[in-house]
> 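Shown below is the structure under consideration.
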Amino acid sequence: MSAGSTFAELYFKCQNGYSMHTSGQNVRCVKAGPVQTIMPSCPPGTALVANVVGTADRCRAANGQNFPYLCPPTHPADVRPKGDMCEHKDPPSIIAPAVPVSI
């Protein structure tokens with residue numbers, strides 16, 4: 001070894017957009033899957049009434065009768081404070097850390 005040589009340890013980090021998750025000695029990079037959101041639909045002759053306090057939004061007929069709104073089976077209802085949505089979450093992307101970092 002010469003007097004001018006240096007040693008660097010090589011580590012790896014996640015790509016941009018991924019967050020590092022550890023469990024014991026295991027490390028992985030995780031990026032949330034995309035979320036597809038659509039508006040709920042109401043049966044014919046009814047209109048969506050948003051922001052029903054403490055419960056899911058409703059579809060209301062002209063006579064005041066309430067009905068549940070409809071979401072496709074692939075997009076379950078997500079009750080929100082400012083109007084419910086039908087939401088489908090794709091699974092996260094999981095990869096190994098692959099960006100080299102020298103220390």
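Just so we're clear, the structure is a prediction, and the values are computed from it rather than from any experiment. All values below come from the heavy atoms of this structure, side chains included, with hydrogens, waters and symmetry mates left out. One-based numbering along the sequence shown.
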> Between Asp57, Thr46, Asp84, which is the residue that forms a side chain to side chain donor-acceptor pair (under 3.5 Å) with Tyr69?
Asp84
> Show your working on side-chain contact (heavy atoms from CB on, under 4.5 Å) between Arg58 and Leu48 and close with a plain yes or no.
CA-CA 6 Å; Arg58 291 287 187 201; Leu48 185 64; over 6 Å; no
> Atom NZ in Lys89, atom CD in Gln36: separation rounded to 0.5 Å?
12.5 Å
> Rounded to the nearest 0.5 Å, what separation is found between the NE2 atom of His75 and the CG atom of Leu70?
14.5 Å
> Can you get from Met39 to Val79 by hopping between Ile, Leu, Val, Met, Phe, Trp and Tyr side chains that sit under 4.5 Å apart?
yes
> Are Arg60 and Gln65 side-chain neighbours, meaning at least one heavy-atom pair lies under 4.5 Å?
no
> Can you measure from CZ (Arg28) to OG (Ser93) and round to the nearest 0.5 angstrom?
11.0 Å
> In this structure, are over 12 heavy atoms from other groups packed under 6.0 Å from Asp90 atom CG?
yes
> For Ala50 and Gly83, which heavy atoms make the closest approach, and how far apart are they?
CB-CA, 4.3 Å
> Do Lys13 and Pro97 have side chains that get closer than 4.5 Å, going by heavy atoms?
no
> How about Ile38 and Cys71: do any of their side-chain heavy atoms sit closer than 4.5 Å?
no
> Considering all heavy atoms of both residues, which atom of Ala96 and which atom of Cys29 are nearest to each other, and what is their separation?
C-SG, 4.1 Å
> If we ignore angles and hydrogens, is there a donor and acceptor under 3.5 Å between the side chains of His21 and Ser23?
no
> Pro72 versus Cys86: any side-chain heavy-atom pair under 4.5 Å?
yes
> As a test of understanding, state which of Val99, Ile95, Ile94 forms a side-chain contact (heavy atoms from CB on, under 4.5 Å) with Tyr18.
Ile95
> So do Glu87 and Val35 actually touch side chain to side chain, heavy atoms under 4.5 Å?
yes
